[in-house]
Enquirer: 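Pasting a structure here, questions to come.
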Amino acid sequence: MDLGIRGRTAIVCAGSKGLGRGCAEALAEAGVGLVLNARSEGPLEATAESIRARFQVPVTTVACDITTEAGRDKVLAACETPDILVNNAGGPPPGVWSDWEREDWLKAVEGNMITPIMLIKAVLPGMMERGWGRIVNITSQAVKAPIANLGLSNGARAGLTGYVAGTARQVASSGVCINNLLPGIHATDRADALDIKVAESAGISIEEARARRAATVPAGRYGTAEEFGQTCAFLCSQHAGFIIGQNVLLDGGANNMML
Ligand code: NAP
């Protein structure tokens, strides 16, 4: 399918690996030029080079921490008229309710709520003026079904979800579509890190931890960054103009709910 976005420009935050990279690759495949961000320069440059070679689109890299104001300013300066924004950042660490002090909460809220909100606020006026824009926020299945040991993530992402629910509807008539993509379990470094913690605390191998987790998913497997990215690219496509303020769950059927 032609997504109708060839020649457009996207900012993809936290996109050198994992789900962000999946989104960057799928957008590039659709002919979208990229401003690609992550903190570590080496992996970021390697990903950018791979995308340029595979899809022949321009890729500008901005190595910085997107959860800082200086980082966000750098990314926005590299792309003055973005058509598409994919918001992403690393997720907060797991734990129990008593682990988290004020500083931990501020960090989680800054990274997974304030950062995407500030980027949305920065790009919206231009998108509205030009009459076209697509914003996709990578959040989590935890928004629909909170996960006990991811309290920091549950809280911060709930705040972003509430903001998007209102904002998406306030700007929809200007041709800007804002939606959230909610990953369930996907095979990325982040999933590995969580599986390693489970393996250590349960005294089992990482393979066993992975197999047990995959067995909780009706699809019987982890999702891939590629299929996640293709869904993101569709939400950024010309065809997605009537999809507004949705929370699209990609979880292999793991969360059994009516709505
Ligand atoms: P990942 O494989 O660990 O990749 C994270 C990417 O983000 C890397 O490119 C990393 O590069 C970049 N990054 C991290 N923090 C950053 C920062 N502060 N500024 C700029 N770039 C940053 O993670 P993932 O699995 O794709 O997860 C992406 C998001 O989805 C996370 O918020 C995660 O919590 C959420 N999620 C994932 C799953 C899953 O199963 N994978 C499920 C639910 C939710 P650098 O380290 O070089 O910066």
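Numbers here are sequence positions counted from 1. First listed ligand is number 1; within each ligand, the first listed atom is number 1.
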Enquirer: Please identify which atoms of ligand 1 are closer than 4.0 Å to at least one heavy atom of G18.
Expert: 2 (O), 26 (O)
Enquirer: Measuring from the heavy atoms of L194, does anything fall under 4.0 Å of ligand 1?
Expert: no
Enquirer: Nearest protein heavy-atom contact for atom 23 (O) of ligand 1: which residue, which atom, what distance?
Expert: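 Ranking protein heavy atoms by distance from atom 23 (O) of ligand 1, first comes R190 CB, 3.4 Å.
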Enquirer: Ligand 1 and S40, any nitrogen or oxygen pair closer than 3.5 angstrom?
Expert: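 Between S40 and ligand 1, an N or O pair is found under 3.5 Å apart.
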Enquirer: For V62 versus A78, what's the shortest heavy-atom pair and its separation?
Expert: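 Nearest pair, atom of V62 first, then A78: CG2-CB, 3.6 Å.
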Enquirer: Name all residues meeting the side chain to side chain contact (heavy atoms under 4.5 Å, CB included) criterion together with R130; count only those two or more places apart in sequence or in a different chain, and write none if there are none.
Expert: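 R130: side chain to side chain contact (heavy atoms under 4.5 Å, CB included) contacts with T81, P82, D83, M127.
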Enquirer: Any nitrogen or oxygen of I66, main chain or side chain, under 3.5 Å from a nitrogen or oxygen of ligand 1?
Expert: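 There is such a contact, yes.
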Enquirer: With only distance considered, is G184 within less than 3.5 Å of ligand 1 through an N or O on each side?
Expert: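 G184 vs ligand 1: N/O contact under 3.5 Å present.
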Enquirer: Quick one: look up the protein heavy atom nearest atom 34 (O) of ligand 1 and list residue, atom name and how far away it is.
Expert: R157 NH2, 2.8 Å
Enquirer: Taking R210 first and then D192, would you say they form a salt bridge - that is, a charged N and a carboxylate O separated by under 4.0 Å?
Expert: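 Looking at D192 together with R210, the answer is yes, because their closest N to O distance falls below 4.0 Å.
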Enquirer: Looking at E25 and R54, does any basic side-chain N land under 4.0 Å from a carboxylate oxygen?
Expert: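 Answer for the salt bridge query: yes.
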Enquirer: List the closest protein heavy-atom neighbour of atom 43 (C) of ligand 1: residue, atom name, distance to the nearest 0.1 Å.
Expert: P183 O, 3.2 Å
Enquirer: When only distance counts, is G15 in polar contact with ligand 1, meaning an N/O pair under 3.5 Å?
Expert: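 Between G15 and ligand 1, no N or O pair is found under 3.5 Å apart.
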Enquirer: Determine whether the side chain, the backbone, both or neither of D65 has a heavy atom under 4.0 Å from any heavy atom of ligand 1.
Expert: both
Enquirer: Say whether I185, considering both its backbone and side-chain N or O atoms, lies within less than 3.5 Å of an N or O atom on ligand 1.
Expert: no
Enquirer: Quick test of your reading of the model: are E208 and R212 salt-bridged, counting only N-O distances below 4.0 Å?
Expert: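 So E208 pairs with R212 through a salt bridge.
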Enquirer: Got a sec, which residues hit side chain to side chain contact (heavy atoms under 4.5 Å, CB included) with A63, two or more places apart in sequence or on another chain?
Expert: E41, L44
Enquirer: If you have a sec, work out which protein heavy atom is nearest atom 9 (O) of ligand 1 and how many Å separate them, to one decimal?
Expert: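 Closest protein heavy atom to atom 9 (O) of ligand 1: S16 OG, 2.7 Å.
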Enquirer: Are a donor atom and an acceptor atom from the side chains of N137 and T139 found within less than 3.5 Å of each other?
Expert: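 Checked: N137/T139 side chains show no N/O donor-acceptor pair below 3.5 Å.
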Enquirer: Which protein heavy atom lies closest to atom 40 (O) of ligand 1, and at what distance to 0.1 Å?
Expert: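 The closest heavy atom on the protein side is H186 N, 2.8 Å.
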Enquirer: Quick one: look up the protein heavy atom nearest atom 41 (N) of ligand 1 and list residue, atom name and how far away it is.
Expert: T188 OG1, 3.0 Å
Enquirer: Give me the nearest non-hydrogen protein atom to atom 7 (O) of ligand 1 as residue plus atom name, then the distance to 0.1 Å.
Expert: A14 CB, 3.1 Å
Enquirer: Verify the distance criterion only: is there a donor paired with an acceptor across the side chains of N179 and Q246 at less than 3.5 Å?
Expert: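 No pair is found: no donor N or O on one side chain lies under 3.5 Å from an acceptor on the other.
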Enquirer: Tell me whether E110 reaches ligand 1 (any heavy atom closer than 4.0 angstrom to a ligand atom).
Expert: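 The answer is no, since E110 has no heavy atom less than 4.0 Å from ligand 1.
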Enquirer: Hey, are E207 and R213 close enough for a salt bridge, meaning a charged N less than 4.0 Å from a carboxylate O?
Expert: no
Enquirer: Are any of the heavy atoms in P43 under 4.0 Å away from ligand 1?
Expert: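 Outside the 4.0 Å threshold, so no.
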Enquirer: So, does A142 sit close enough to ligand 1 that a heavy atom of it is under 4.0 Å from the ligand?
Expert: no
Enquirer: Could you verify whether a donor N or O on one side chain and an acceptor N or O on the other, from Y222 and D195, lie under 3.5 Å apart?
Expert: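 Result is yes, a qualifying pair exists.
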Enquirer: Which residue supplies the protein heavy atom nearest to atom 16 (C) of ligand 1, what is that atom called, and how far is it?
Expert: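 Looking only at protein heavy atoms, the one closest to atom 16 (C) of ligand 1 is R39 NE, 3.5 Å.
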Enquirer: At a 4.0 Å threshold, what atoms of ligand 1 neighbour a non-hydrogen atom of I138?
Expert: 30 (O)
Enquirer: Using distance alone, decide if ligand 1 has a nitrogen or oxygen within less than 3.5 Å of any nitrogen or oxygen in Q141.
Expert: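 N/O-N/O distance under 3.5 Å: no.
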Enquirer: Do you know which two heavy atoms are closest between N255 and Q141, and how far apart they sit?
Expert: ND2-OE1, 2.9 Å
Enquirer: What is the minimum heavy-atom distance between L150 and P92, and which atoms define it?
Expert: CD2-O, 4.5 Å
Enquirer: Side chains of S16 and R21: any donor to acceptor distance under 3.5 Å?
Expert: no
Enquirer: Is there at least one protein heavy-atom neighbour under 4.0 Å from atom 5 (C) of ligand 1?
Expert: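 When distances to the protein are checked, atom 5 (C) of ligand 1 has no heavy atom within 4.0 Å.
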